[in-house]
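First up is the structure itself, then whatever we jot down about it.
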Amino acid sequence: MIKQELMVVTKQEKIAEHIFQLTLQGELVSEMGNPGQFVHLKVTEGSTPLLRRPISISEINLEKKQFTMIYRAEGAGTQLLSKKKTEDVVDVLGPLGNGFPIGEIEKGQTALLVGGGIGVPPLLELSRQLVAKGVNVQHVLGFQSKSAVFLEEEFTMLGKTIISTDDGTYGYQGFVTDAIKDHNIQFDTMFSCGPTPMLKALERLHGHKPLFLSLEERMGCGIGACFACVCHTGDDPTGTSYKKVCSDGPVFKAGEVVL
Amino acid sequence: MIMLQVNLPGLSLKNPIMPASGCFGFGREYSKLYDLSQLGSIMIKASTQEPRFGNPTPRVAETEAGMLNAIGLQNPGVEKVVSSELVWLEQYDVPIIANVAGSQIEDYVYVADKISQSKNVHALELNISCPNVKTGGIAFGTIPEIAAQLTRAVKEVSNVPVYVKLSPNVANIVDMAKAIEQAGADGLTMINTLIGMRLDIKTGKPVIANKTGGLSGPAIKPVAIRMIYEVSQAVNIPIIGMGGVQTVDDVIEFLYAGASAVAVGTANFVNPFVCPEIINQLPGRLKELGFEHVTECIGRSWK
């Protein structure tokens, strides 16, 4: 159920260039469970910035009633968020959207998790839940350069992890699609989150296999009422059929929507 | 609550608070968060004759104390709105104001005829600010004679009172309001969004795909207050006010300016519980200000 709560900051840490990890505590966590969902944050009480910020959930701790998110402090809103300290409160609306369908993969099968940049965080909770289910997980995580890499250790503890950087300053040099090919990675189901060009390339190369993609789109309300984040469906690419990224997604099966 | 009751043409409202069209869908999303029967009314998303997908994304951009949007009237078409959305809304004890949009007069007439027959639709709101109209461009919202012609045509077919939503993108809002009143409109809703634009600092290109969009949110509240203040003293039909309402004090300011009821738009995106919160706060705030009934606030600013 969607709830709104003033949640308490328990930890805020800079973990890479412009990248922050924020842990919040509150009753709202008991509604979380599905990896790939997101929250909508109001970073100030005033009117500037006015709108909430959609940020993916990267870890859920039901026992401690805490969840963690990782975000890039780039615009005015996320920069304000990065200034929040322990015991400050943040206005959280969530959990929102439908996450990754972990029921689509069986125990003993292999899942390949492919992330790009700020699309990497939601894959961490996904990987943990898949490992807990007995799925073999492998990760290919793409970043722009060495200074932007984060969560490598956390993912490595869960399964084989390949880091790629666009400029080659760390790990494999090149795109995640090339890393998958060059390392000859085999898998039963792929789950991915990252920039749209990356998702398009993955759909083109691997869309014949079970492939689930988490999309990003500019949102207004985050709950499906404003029709800001609407996309065409794959079976009606120019017609009036649609899916809303915020409430029908953000995770879609490859081909379900037009990227 | 008795002190919040307001009666307008076609609308016996238990309170004067309602979500504005385009900011509430058809209510389904918000129904998961609270009981929609608490609302005075619901102004549902615009309906057109044919289903519309709307504009390419990105469709929204943030601004100082506001937002731009160019959704493009996305809706499933009037037949589906009547058979599905309005039937679903019947479970709630709330009168519906149906927003009617089109590209030419015949479209508006078609939609108004169909939708005004729905039993829970108690009033229409004519959307005359559509940027993509075929005949005369933006003329419906900016040329008084054409707005009056449209109002007359819709009044002929509508089973329920007709309110016309005024665009603020005009030289003289009072002339527009008077022309619409003379054409037989039962009420006005105002204001719609102001046309605006934002450019991306890195690319130099417009931030939203449609290039321009409608500015809403608290940034436009002073414009709305001024226009309602001017129009409400020049016409004899009631006004449902909107434009940047976020708080109970904003509502009272709109009533002071001359509105008889108030719609909440963009604030629903910021706080989805804003409408019931304002409804709950309104009686206490009215008492603090020395009012026994909400209607005592209406037009307090007038000369």
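The chains referred to below are lettered A, B, ... by the order of the sequence lines, with proteins before strands, and numbering in each begins at 1.
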Any sub-3.5 Å donor-acceptor pair from A/T48's side-chain atoms to B/A65's backbone N or O?
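Yes, because the side chain of A/T48 sits within donor-acceptor range (under 3.5 Å) of the backbone of B/A65.
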Any heavy-atom pair between the side chains of [Y] and [X] that's under 4.5 Å?
| X | Y | value |
| --- | --- | --- |
| A/V230 | B/Q74 | yes |
| A/L50 | B/E64 | no |
| B/K32 | A/I2 | no |
| B/P272 | A/L93 | yes |

Is the number of heavy atoms from other residues, nucleotides or ligands under 6.0 Å of [X] [atom1] greater than 12?
| X | atom1 | value |
| --- | --- | --- |
| A/F175 | CZ | no |
| A/K146 | NZ | no |
| A/Q144 | CD | no |
| A/E217 | CD | yes |

Can you tell me how far apart [atom1] ([X]) and [atom2] ([Y]) are? Round to the nearest 0.5 Å.
| X | Y | atom1 | atom2 | value |
| --- | --- | --- | --- | --- |
| A/C226 | B/N69 | SG | CG | 8.5 Å |
| B/R59 | A/F227 | CZ | CZ | 9.0 Å |
| B/N271 | A/Q4 | CG | CD | 4.5 Å |
| B/F53 | A/S241 | CZ | OG | 9.0 Å |
| A/H40 | B/F269 | NE2 | CZ | 10.5 Å |

Between A/S47 and B/Q246, is any side-chain donor less than 3.5 angstrom from a side-chain acceptor?
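The criterion, which ignores hydrogens and geometry beyond distance, is satisfied for B/Q246 and A/S47.
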Select, from A/G222, A/A225, A/G224, the one with the greatest count of heavy-atom pairs under 4.5 Å involving chain B.
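So the answer, after comparing A/G222, A/A225, A/G224, is A/A225.
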Among A/K3, A/H232, A/K42, A/M219, which residue has the highest count of heavy-atom pairs closer than 4.5 Å to chain B?
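Winner by heavy-atom pair count: A/H232.
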Checking A/T238 against chain B: side chain, backbone, both or neither under 4.5 Å from a heavy atom?
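For A/T238, neither part sits under 4.5 Å from chain B.
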Report which part of A/I223 has an atom under 4.5 Å of a heavy atom belonging to chain B: side chain, backbone, both, or neither.
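Its backbone and side chain both get close to chain B.
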Given B/V207 and A/R218, is the side chain to side chain contact (heavy atoms under 4.5 Å, CB included) satisfied, shown in steps?
CA-CA 11 Å; B/V207 173; A/R218 202 179 294 243; 3.5 Å; yes
